[in-house]
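Along the sequence shown, the residues carry numbers beginning at 1. None of these values were measured; they are calculated from a predicted model.
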Amino acid sequence: MSKMTAIKKVVLNESHYSPGRTKHYLVDGQGKRELPPFTSLFITHHPDNPSNYFLMYLCENGQGTDTFHLTLDDALHQAEYEFGVRQEEWTEINEPF
């Protein structure tokens with residue numbers, strides 16, 4: 001079974017919008033609640049479909065969520081819109097996710 005591969009990473013800091021321009025929620029047996037602030041973002045793709053991308057949002061406590069994007073540029077633009085992440089801030093990586 002193939003895993004996702006992370007190709008870019010950025011650690012969010014005081015220069016980025018916090019909590020961000022979009023709200024993300026967790027819905028479970030306890031109801032609906034907003035996720036804690038995100039601390040890092042990853043852009044990933046699946047080896048079986050490398051032309052589609054996921055922007056992964058991670059919280060300090062390990063919780064997270066993702067958004068699906070048809071292109072890498074779309075994922076980068078979403079991070080820029082939500083958090084003010086500039087393209088030059090991303091670190092290139094190639095790690096299982």
**Request:** For Thr44 and Ile7, run side-chain contact (heavy atoms from CB on, under 4.5 Å): C-alpha distance rounded to whole Å, both residues' side-chain angles, the deciding distance at 0.1 Å, then the answer.
**Result:** CA-CA 6 Å; Thr44 67; Ile7 60 168; over 6 Å; no
**Message:** Apply side-chain contact (heavy atoms from CB on, under 4.5 Å) to residues Tyr53 and Asp74 and explain how you reach the verdict.
**Reply:** CA-CA 9 Å; Tyr53 298 88; Asp74 288 348; over 6 Å; no
**Heavy-atom pair of closest approach, residues His24 and Thr22** = CD2-O, 3.6 Å
**For the student: nearest non-hydrogen atoms of Pro47 and Thr5, plus distance** = CG-OG1, 4.1 Å
**Prompt:** Roughly how far, to the nearest 0.5 Å, is CG of Leu76 from CD of Gln87?
**Reply:** 5.0 Å
**Request:** Answer with yes or no whether the hydrophobic clustering places Tyr25 together with Leu58; edges join I, L, V, M, F, W, Y residues whose side-chain heavy atoms lie under 4.5 Å apart.
**Result:** no
**Prompt:** Rounded to the nearest 0.5 Å, how far apart are CD1 of Ile43 and CD1 of Ile93?
**Reply:** 9.5 Å
**Prompt:** When rounded to the nearest 0.5 angstrom, what is the spacing between NZ in Lys32 and CD in Gln30?
**Reply:** 15.5 Å
**Complete:** Nearest heavy-atom contact between Asn61 and Pro36 is ND2-CG, 3.6 Å
**Asked** Got a second to check how far Asp66's CG is from Leu55's CG, nearest 0.5 Å?
**Response** 8.5 Å
**Asked** Under a 4.5 Å cut-off applied to non-hydrogen side-chain atoms, are Thr67 and Tyr57 in contact?
**Response** yes
**Item:** Distance-only side-chain donor-acceptor flag, Asn13 / Ser15, under 3.5 Å
**Value:** yes
**Asked** Are Lys8 and Glu92 within salt-bridge range, i.e. N to O under 4.0 Å?
**Response** yes
**Item:** Heavy-atom check, side chain of Phe38 versus side chain of Glu82, under 4.5 Å
**Value:** no
**Request:** Can you establish whether the number of heavy atoms outside Glu60 located under 6.0 Å from its atom CD is more than 12?
**Result:** no
**Request:** Please assess Phe83 against Tyr17 for the test ring pair (Phe, Tyr, Trp, His ring centres under 6.0 Å), listing each intermediate value before the final yes or no.
**Result:** CA-CA 5 Å; Phe83 302 100; Tyr17 305 136; 8.0 Å; no
**Message:** Please report the interatomic distance NE2(His69) to CZ(Phe54), rounded to the nearest 0.5 Å.
**Reply:** 9.5 Å
**Prompt:** Side chains of Leu12 and Val85: closer than 4.5 Å at any heavy-atom pair?
**Reply:** yes
**Prompt:** CE/Met56 to CE/Met4 distance, rounded to the nearest 0.5 angstrom?
**Reply:** 5.5 Å
**Request:** Please report the C-alpha distance between Glu89 and His16 in whole Å, then the side-chain angles of each, then the deciding distance to 0.1 Å, and finally whether the side-chain contact (heavy atoms from CB on, under 4.5 Å) criterion is met.
**Result:** CA-CA 11 Å; Glu89 293 182 83; His16 300 112; 2.8 Å; yes
**Request:** Apply the test side-chain contact (heavy atoms from CB on, under 4.5 Å) to residues Trp90 and Leu41: give CA-CA distance (whole Å), side-chain angles for both, the deciding distance (0.1 Å), then the verdict.
**Result:** CA-CA 9 Å; Trp90 290 95; Leu41 304 173; 3.9 Å; yes
